[in-house]
2 protein chains.
Amino acid sequence: MCRALVLDLSCKSEYALLALVELSAHYAEGEPIQIRQIAAEQHIPDRYLEQLLAALRRAGLVRSQRGAKGGYMLAREPWKITLLDVIQCIEGADAQSADRAKNPKSVAGNVILDVWKDAVQAAETLLKSQTLQDLVEMKDARNQVEIMYYI
Amino acid sequence: MCRALVLDLSCKSEYALLALVELSAHYAEGEPIQIRQIAAEQHIPDRYLEQLLAALRRAGLVRSQRGAKGGYMLAREPWKITLLDVIQCIEGADAQSADRAKNPKSVAGNVILDVWKDAVQAAETLLKSQTLQDLVEMKDARNQVEIMYYI
DNA sequence: GTATATCCCTGTTCTCCACCGGACTTAGTG
DNA sequence: CACTAAGTCCGGTGGAGAACAGGGATATAC
């Protein structure tokens with residue numbers, strides 16, 4: 001049977017988020033960024049990152065430009081992309097996980113499922129409230145702190 | 001690097017919860033219940049359930065009695081076992097998943113990890129507030145509703 | 001037309017989940 | 001005491017997905 005209602009930060013999601021933070025940081029420049037560059041900056045295997053960006057593109061979160069001087073850029077402003085958008089797109093690629101989660105064969109099963117859904121929704125609400133822009137700002141704030149240690 | 005913080009209701013956890021609800025419902029009787037009986041009642045493969053109950057026993061959530069007329073019973077009162085207790089014991093069997101989840105190699109990685117931890121904690125707080133006793137009561141309430149439909 | 005990118009399709013390795021079987025141990029019953 | 005009903009321990013299997021790697025096709029700037 002194997003129903004699964006998963007809330008899980010895998011490498012996959014983390015890689016995707018790192019890449020999108022990188023794209024967000026350079027969003028204002030308006031020029032595409034190459035996979036290689038992102039991979040080097042965030043220490044992600046480039047061949048793997050390519051697949052993740054492809055999924056993000058199909059989901060409409062990023063746009064790509066082929067050919068020389070090509071690369072990737074955000075499809076919309078970084079404050080209009082929530083963390084939930086990213087994770088759902090990456091993790092729920094098959095996406096039927098939620099669909100086939102609906103034949104508990106006992107009353108107890110239904111009760112458990114309901115409680116679990118509440119818990120997942122609590123987490124999702126929090127992830128929905130944070131955008132890529134927020135991540136970039138938090139990152140910059142921490143970098144600032146690190147620099148101050150040098151003075 | 002791989003895998004940081006997971007919050008996931010798999011078959012495994014669901015089976016365990018179903019079994020514990022069953023044990024909770026018969027807690028007052030004070031007699032052990034057999035694997036076979038639980039498995040039949042909740043439609044769980046018995047050989048698999050055996051392994052789950054073994055894990056719950058090692059975690060101190062249930063007690064077992066061997067031999068004829070043996071079986072399993074809760075180690076403490078059903079209102080003193082939270083859903084988080086169960087899921088952490090089942091899902092975190094390897095348990096190092098949280099331990100080795102802490103060497104993000106960039107500032108961005110740290111920021112992502114922190115936000116994720118907040119989200120997980122939101123869900124855990126909710127799971128911590130519900131006990132096995134609560135599940136049993138919710139189940140009974142629903143059974144009552146079903147009976148009323150027959151009248 | 002060549003260098004530089006993405007696009008797409010196909011493995012490969014590895015781990016974990018869900019589950020099965022068999023041998024051993026313990027405890028009640030006659 | 002033997003028998004039997006239960007849990008306990010050990011291992012194995014099949015499938016799925018995660019985390020990659022390779023190769024060739026395609027599009028674009030210069």
Side-chain angles (χ1 to χ4, degrees), chain A residues 1-6 8-16 18-19 23 31-40 42-59 62-73 75 87 90-97 100, chain B residues 1-6 8-19 23 31-40 42-59 62-73 75 87 90-97 100-101:
Chain A
M1 50 115 81
C2 286
R3 133 183 4 134
L5 217 54
V6 184
D8 146 52
L9 182 71
S10 49
C11 276
K12 222 169 157 182
S13 301
E14 193 183 349
Y15 286 163
L18 284 170
L23 291 182
E31 291 191 350
I33 304 179
Q34 295 85 350
I35 290 179
R36 285 289 168 91
Q37 190 175 336
I38 302 174
Q42 300 291 346
H43 309 97
I44 306 173
D46 51 353
R47 291 318 227 112
Y48 193 37
L49 180 57
E50 179 196 323
Q51 298 176 23
L52 302 181
L53 284 172
L56 294 174
R57 181 177 51 83
R58 280 188 284 269
V62 302
R63 288 182 347 225
S64 65
Q65 186 176 339
R66 302 176 68 163
K69 307 211 81 175
Y72 284 90
M73 45 192 313
I87 290 176
I90 289 292
E91 223 66 45
D94 51 351
Q96 297 90 332
S97 54
R100 63 186 161 119
Chain B
M1 49 118 83
C2 280
R3 175 151 321 184
L5 285 168
V6 182
D8 143 53
L9 181 72
S10 49
C11 277
K12 223 170 158 180
S13 300
E14 193 185 349
Y15 286 163
L17 284 173
L18 284 170
L23 291 182
E31 292 192 350
I33 304 178
Q34 295 85 350
I35 291 180
R36 285 288 168 89
Q37 190 174 337
I38 302 174
Q42 300 291 346
H43 309 97
I44 305 173
D46 51 353
R47 292 317 226 110
Y48 192 38
L49 180 57
E50 178 196 322
Q51 298 175 22
L52 303 181
L53 285 172
L56 294 174
R57 180 178 52 85
R58 281 187 284 269
V62 301
R63 287 184 346 226
S64 66
Q65 186 175 339
R66 302 177 68 164
K69 307 211 81 173
Y72 285 89
M73 45 192 314
I87 290 177
I90 289 291
E91 224 66 47
D94 51 350
Q96 296 90 335
S97 54
R100 63 186 161 122

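It should be emphasised that the depicted structure is a prediction, and the values quoted were computed from it without experimental measurement. Chain identifiers are assigned alphabetically (A, B, ...) following the order of the sequence lines, protein sequences preceding nucleic acid strands; residue numbering begins at 1 within each chain.
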Which residues pass the salt bridge (Lys or Arg N to Asp or Glu O under 4.0 Å) test with A:Arg47, sequence neighbours left out?
A:Glu50
Rounded to the nearest 0.5 Å, what separates atom CG in A:Leu56 from atom OG in A:Ser64?
11.5 Å
Please name all residues satisfying side chain to side chain contact (heavy atoms under 4.5 Å, CB included) with A:Gln65, sequence neighbours left out, ordered by chain then number.
A:Pro32
Listed by chain and number, what are the side-chain hydrogen bond (donor to acceptor under 3.5 Å, both in side chains) partners of B:Ser13, not counting sequence neighbours?
B:Glu91
Let me confirm one number: the CD1-CD distance from B:Ile90 to B:Gln51, rounded to the nearest 0.5 Å.
10.5 Å
Applying a 4.0 Å non-hydrogen cut-off, can you work out what A:Arg63 is touching in the nucleic acid: base, sugar-phosphate, or nothing?
nothing
Atom CD1 of A:Ile35 to atom C1' of D:dA21: distance rounded to whole Å?
14 Å
Please, which pairs that meet salt bridge (charged side-chain N to carboxylate O under 4.0 Å, His left out) have at least one residue in residues 64-73 of chain B, sequence neighbours excluded?
none
D:dA5 C1' sits how many Å from B:Asp46 CG, rounded?
14 Å
Assign a letter to each nucleotide of nucleotides 21-30 of chain C from its 5' end: B, base within under 4.0 Å of a protein heavy atom; S, sugar-phosphate only; -, no contact.
BB--BBBSS-
Rounded interatomic separation in angstrom, taking NE2 from B:His43 and P from C:dC19:
14 Å
What is the distance from CG of A:Leu49 to P of D:dA21, rounded to the nearest Å?
12 Å
Has A:Ser64 got a side-chain N or O lying under 4.0 Å from the OP1 or OP2 atom of C:dA5?
no
For the pair made of CD1 in B:Ile87 and P in C:dC17, what is the distance, rounded to whole Å?
14 Å
Partner set under side chain to side chain contact (heavy atoms under 4.5 Å, CB included) for A:Gln37, not counting sequence neighbours:
A:Ile33, A:Gln34
Between C:dA18 (P) and B:Leu52 (CG): distance, integer Å:
9 Å
Nearest to the side chain of A:Tyr15 - C:dC7, D:dC20, D:dC9?
D:dC20
Taking OH from B:Tyr48 and C1' from D:dG11, how many angstroms apart are they, rounded to a whole number?
16 Å
Rounding to 0.5 Å, atoms CG (B:Leu23) and CG (B:Leu18) come to a distance of 11.0 Å
B:Gln37 atom CD is separated from D:dA6 atom C1', nearest whole Å, by 13 Å
Among the candidates D:dG7, D:dA18, C:dC17, find the nucleotide nearest to the side-chain atoms of B:Lys12.
C:dC17
Got a sec, which residues hit salt bridge (Lys or Arg N to Asp or Glu O under 4.0 Å) with A:Arg36, two or more places apart in sequence or on another chain?
A:Asp46
Using the C1' atoms of five pairs at each end, what's the angle between the two axes of the helix from C:dG1-D:dC30 to C:dG30-D:dC1, to 10 degrees?
10°
Can you tell which of C:dT6, C:dA18, D:dA6 lies closest to the side chain of B:Gln34?
D:dA6
Under the rule for side chain to side chain contact (heavy atoms under 4.5 Å, CB included), what residues qualify as partners of A:Arg63, not counting sequence neighbours?
A:Met73, A:Ala75
Taking only N and O in the side chain of A:Arg36, is any of them less than 4.0 Å away from OP1 or OP2 of C:dT4?
no
Check every strand shown and say whether A:Leu53 touches a base, only sugar-phosphate, or nothing at a heavy-atom separation below 4.0 Å.
nothing
